[in-house]
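So the structure is just underneath, and the comments pick up after that.
Atoms within a ligand are numbered from 1 in the order they appear, just like the ligands themselves. Hydrogens, waters and symmetry mates are skipped; everything else that's a heavy atom, side chains included, is used. This is a predicted model, so every value here is computed, not measured.
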Amino acid sequence: MSKINEVAELVEKGKAKLVGPAVQEAIDEGDDPVAILNDGMISAMSVVGEKFKNGEIFVPEMLVAARAMKKGVEVLKPHLASGSTGALGKVIIATVSGDLHDIGKNLVAMMIESAGFEVIDLGVDVPAAKIIECYKENPDVKIIALSALLTTTMPALKETVEALNAADFRGNIKVMVGGAPITEAFAEEIGADGYSDDAASAASLAKKLAA
Ligand code: B1M
């Protein structure tokens with residue numbers, strides 16, 4: 001079995017203690033860090049999601065898989081991120097109210113940081129008011145980046161973007177959105193400035209929006 005397949009299997013089975021060393025071995029053997037992330041970890045989470053949808057596993061198994069993935073990402077991070085300078089400005093990132101999914105948001109934060117931004121990560125389940133408060137404390141923020149992973153939290157994403165669109169500082173910021181159920185059309189409909197469907201393109205989008 002290739003090391004990347006081994007990483008995928010360990011993430012799928014939620015073997016948090018074993019994933020980090022397996023990722024390190026894959027790196028040592030010369031596997032591409034992006035391939036380890038995409039083909040080893042993200043694809044494993046898709047399998048986990050499918051199994052959950054089919055009733056083969058339940059929330060606790062999804063949770064242990066998520067923990068395992070986080071351990072793998074910790075080892076991978078220095079190999080993906082090219083070092084942060086903050087030279088491109090500040091970005092606030094959050095998963096919207098009611099939504100606890102943070103793996104995708106964390107990857108987006110990591111890629112944006114590595115593109116040269118300073119990232120203020122407000123975490124998960126973040127109400128619009130907290131984001132606005134954070135902006136007021138950091139009025140030099142250029143971009144607010146919002147993640148939503150559930151169809152049931154798409155309305156919270158909409159409400160958050162609407163609250164930002166109504167804010168007196170709206171002209172000073174760009175709002176970008178993403179997450180599995182979000183589409184370009186939805187992003188446009190709710191009045192966001194940009195949408196991207198993965199972490200690497202989120203970093204390119206942030207650069208474009210900040211230019
Ligand atoms: Co949840 N969950 N979950 N879950 N979970 C999904 C999302 C689901 C698709 C599984 C399924 O049914 N197949 C499903 C949603 C269905 C739907 O809405 N249509 C689901 C459900 C139903 C639920 C619960 C409701 C289950 C329950 O309690 N009955 C519950 C909700 C809790 C809540 O949030 N209130 C729940 C809970 C959980 C856990 C807590 C157990 C855990 C999350 C742990 C954590 O994040 N710390 C979990 C997990 C792990 C998943 C799956 C299996 C994996 C998510 C993940 O991390 N993917 C997921 C199935 C799946 O995604 N296939 C599932 C890997 C990650 C890298 O991808 O997050 O998509 P993703 O991020 C990508 C892109 O979307 C994009 O870039 C990222 C990297 O490429 N992106 C952005 C993300 N944010 C972006 C922002 C941007 C730009 C791009 O700009 C700002």
- Among Pro181, Ala202, Gly104, Ser97, closest by heavy atom to atom 71 (P) of ligand 1 is Gly104
- Specify whether the nearest protein heavy atom to atom 9 (C) of ligand 1 is under 4.0 angstrom away. no
- Message: Taking 4.0 Å as the limit for heavy-atom contacts, which would you say applies to Leu146 with ligand 1: side chain only, backbone only, both, or neither?
- Response: backbone
- Message: Pairs of nitrogen or oxygen atoms closer than 3.5 Å, one from Thr151 and one from ligand 1: do any exist?
- Response: yes
- Query: Which atoms of ligand 1 sit under 4.0 Å from any heavy atom of Ala145?
  - Reply: 91 (C)
- Query: For atom 24 (C) of ligand 1, is the nearest protein heavy atom closer than 4.0 Å?
  - Reply: no
- Check Val124 against ligand 1 and report side chain, backbone, both or neither, counting heavy atoms closer than 4.0 Å. neither
- Measuring from the heavy atoms of Ser196, does anything fall under 4.0 Å of ligand 1? yes
Show me the side-chain donor-acceptor pairs of residues 27-40 shorter than 3.5 Å, one per line, residues at least two apart or across chains.
from  : atom 1 : to    : atom 2 : distance (Å)
Asp28 : OD1    : Gln24 : NE2    : 3.0
Asp32 : OD1    : Val34 : N      : 3.2

- Message: Which of the numbered atoms in ligand 1 are under 4.0 angstrom from any heavy atom belonging to Lys70?
- Response: 47 (N)
- Task: Check which protein N, O or S atoms are less than 2.8 Å from atom 1 (Co) of ligand 1 and report how many there are.
- Result: 1
- With atoms numbered from 1 as shown, which atoms in ligand 1 lie under 4.0 angstrom from a non-hydrogen atom of Ser46? 63 (N)
- Item | Polar atom proximity, Gly98 to ligand 1 (N or O, under 3.5 Å) | yes
- Taking only heavy atoms of Ala180, which atoms of ligand 1 are found under 4.0 Å from at least one of them? 70 (O), 75 (O)
- Thinking salt bridges, do Glu133 and Lys136 make one under a 4.0 Å N-O criterion? no
Exercise answer: donor-acceptor pairs, residues 202-211 side-chain atoms, under 3.5 Å, sequence neighbours excluded:
from   : atom 1 : to     : atom 2 : distance (Å)
Ser204 : OG     : Ala200 : O      : 3.4

- Query: If you look only at pairs with a residue in residues 28-73, which of them pass as a ring-ring contact (aromatic ring centres under 6.0 Å, His included), with sequence neighbours excluded?
  - Reply: none
- Interfacing atoms of ligand 1 (cut-off 4.0 Å, heavy-atom, Ala66): 44 (C), 50 (C)
- Query: Taking non-hydrogen atoms only, is Asp197 closer than 4.0 angstrom to ligand 1 via side chain, backbone, both or neither?
  - Reply: backbone
- Message: I need the Asn106 CG to Glu74 CD distance, nearest 0.5 Å.
- Response: 10.5 Å
- Is it true that a side-chain atom of Thr153 and a backbone atom of Ala156 form a donor plus acceptor pair closer than 3.5 Å? no
- Message: With heavy-atom distances below 4.0 Å as the criterion, list the atoms of ligand 1 near Asp99.
- Response: 34 (O)
- Query: Is Asp102 close to ligand 1, meaning an N/O of one under 3.5 Å from an N/O of the other?
  - Reply: yes
- atom 39 (C) of ligand 1 sits nearest the protein heavy atom Leu63 CD1, 4.2 Å
